[in-house]
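Data block below; observations after.
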Amino acid sequence: MCGIVGIVSQQPVAQAIYDSLLVLQHRGQDAAGMVTCEGNKLHLRKDNGQVSDVFHTRHMLRLLGNMGIGHVRYPTAGCSSSAEAQPFYVNSPYGISLAHNGNLTNADELKADLYAEDLRHINTDSDSEVLLNVLAHELQQCGKLKLEVDDIFTAVAATHRRVQGAYAVVAMLTGRGILAFRDPYGIRPVCYGRREGEAGVEWMVASESVALQTGGFELVRDLKPGEAIYIDTQGQVHLRECADFGHLTPCIFEHVYMARPDSIIDDIYVYKARLRMGVKLAQKILRERPDHDIDVVIPIPDTSRPSAMELAYHLGVKFREGFIKNRYIGRTFIMPGQTQRKRSVRRKLNPIDIEFKGKNVLLVDDSIVRGTTSQQIIQMARDAGANKVYMASAAPPVRYPNVYGIDMPAVDELIAHNRSDEEVGRLIGADWMIYQDLDDLIDAVRKGNPTIQQFDCSCFDGHYVTENVSEDYLRKIQSARCDTAKQKAEEAQQAGMELHNNA
């Protein structure tokens, strides 16, 4: 999962992009980058690390120009490498920079085609570089020095026909404008908005509406599935649905975990959706355990808090903050290695003993993926004096890998895969375990926008809406994404750095 932003203005944009990337930091903590355009000259800064670590004053002073794009990244495969930090750039044609959120499910086939047929070289393992080169090749087919808007949208349409998977893209054509587009299923989010600036109207595209809101931009709307927006340097906006079809099937896990609660995605308030998840979960507990002995409901901060509050209210039991979170530790779900995740849990959370001592505690989390974090937190609750510890998940069991840009890895690393709820509860050390039902989760999210007929729930039900997710593909991504593979990649990278330093 990554975060993207692009701004077209009549005044310098570097600070506005930086501020937006800070707001989108929750979508990726591995790397950050920004490229700005000053006339026909580009200024680029990208590196591993969080936004505040990558951009210092000396970098910001060099990021000149009234147009630019930015990106925050976390890796779904491989290691944390600055070579894969975005935006990417290709010189021909026109000088194109691109940042991407999602995952292409036919990246290997595209990479081979780009080399053999389009005569383009790919320098990294990133599917975003593949996507950039596909777009560049299709733009080159127009064969014009002076690009027309129709040429740009024709290239996007051709790109849609070649690529498969989930993608929300922002690209900058040097000296010309910013282009953004969304995959035909609308799996990954992207929206746009406007702001009245001193020198005229300014435009922003971003992964989440919260980036617009904090920058003083008014949200216009989300891009439709398969739709593209092109904003030229004069601030003229052009919109077109470029895909052969468009069927909105957004990722439901955005509402469970990835998105900020103050965002609006496809007209659904994320915070309200999470409140409704808590209501549904409380109703299930009352159905299945009407004689429960829960004394207190405690959220595992931060994402589960709205669900936990509403759950406690409808159960008629106390809601308490039992864990204090260290705000300077990143989100453990999106840390690249299992060792890192394990090490971070106790540094990240500290229990308030008085809220646990002698009580039957219901812990509420947004979801349970590998289960190692849940296991440690339950043990922390017992060490703090809890009498009994129950666990509730605001999401259904995660039983299948996500192939659309979220790091839900090899199936044998998913604790719920081929296990019952009771077996999961025993493994993580809970006295009992309860999951949200998938139909209830869908109802909770869809209530915000009843026009959405289908969500991507593939990590819960194993149904992949794109057509090319085969068993062979799943085995391939399992070998690339499993923690063992990531550990080997990290070790190889570290060995390479030591060899370079000793040379």
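- No salt bridge links K111 with D127; every basic N to acidic carboxylate O contact stays at or beyond 4.0 Å.
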E129 and H121: CA distance, side-chain angles, deciding distance, side chain to side chain donor-acceptor pair (under 3.5 Å) verdict: CA-CA 10 Å; E129 189 187 8; H121 172 70; over 6 Å; no
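- Interatomic distance, Y435 OH to S367 OG, rounded to the nearest 0.5 Å: 9.0 Å.
- More than 12 heavy atoms of other residues, nucleotides or ligands lie within 6.0 Å of CG in D19, so this atom counts as buried by the packing criterion.
- Salt bridge status for E218 with R194: absent, with no side-chain N to carboxylate O gap under 4.0 Å.
- Between the side chain of S207 and the backbone N or O of G3, no donor-acceptor pair lies under 3.5 Å.
- Taking 4.5 Å as the limit, every side-chain heavy atom of D302 sits out of range of all side-chain heavy atoms of F323.
- Ring planes of Y404 and Y464: perpendicular class, angle over 60° (limits at 30 and 60°).
- Within a 6.0 Å radius of OH in Y473, more than 12 heavy atoms belonging to other residues, nucleotides or ligands are found.
- In this structure, the ring of H100 has its center no less than 6.0 angstrom from the ring center of F88.
- Between the side chain of H43 and the backbone N or O of L63 there is no donor-acceptor pair closer than 3.5 Å.
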Y89/N91 under side chain to side chain donor-acceptor pair (under 3.5 Å): CA gap, chis, key distance, verdict: CA-CA 7 Å; Y89 171 75; N91 180 58; 3.3 Å; yes
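- No side-chain N or O of T105 forms a donor-acceptor pair with one of Q164 less than 3.5 Å apart.
- Note: N402 CG to L414 CG = 10.0 Å, rounded to the nearest 0.5 Å.
- Here CG of L131 is found 9.5 Å from CG of N133. Values are rounded to the nearest 0.5 Å.
- Nearest approach of T249 to F455, heavy atoms of both residues: CG2-C, 3.5 Å.
- Test Q86, E84, Q29 against R73 for side chain to side chain donor-acceptor pair (under 3.5 Å) and you get one pass: E84.
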Residues I265, H255; criterion side-chain contact (heavy atoms from CB on, under 4.5 Å); working and verdict: CA-CA 8 Å; I265 297 179; H255 296 278; 4.1 Å; yes
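- Heavy-atom neighbours of K41 NZ from other residues, nucleotides or ligands within 6.0 Å: at or below the threshold of 12.
- Contact check on E310 versus R276 returns no salt bridge, with no Lys/Arg side-chain nitrogen under 4.0 Å from an Asp/Glu carboxylate oxygen.
- In terms of heavy-atom proximity, G322 sits nearest to E355 at CA-CB, 4.3 Å.
- We find the CD-CE distance between Q375 and M380 to be 13.0 Å, quoted to the nearest 0.5 Å.
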Residue pair M67, I7: steps toward the side-chain contact (heavy atoms from CB on, under 4.5 Å) verdict: CA-CA 6 Å; M67 178 173 68; I7 299 178; over 6 Å; no
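- The closest donor-acceptor contact from the side chain of S307 to the backbone of A394 lies at 3.5 Å or more, if one exists at all.
- By the 6.0 Å contact criterion, OH on Y269 is open, its count of non-hydrogen atoms from other residues, nucleotides or ligands being 12 or less.
- Checking side-chain atoms of D366 against main-chain N and O of V256 turns up no donor-acceptor pair under 3.5 Å.
- Of the possible polar contacts, one joining the D183 side chain to the Y167 backbone as a donor-acceptor pair under 3.5 Å is found.
- Ring-plane geometry between F181 and H160 is classed as perpendicular, the angle between the planes exceeding 60 degrees on a 0 to 90 degree scale with a lower cut at 30.
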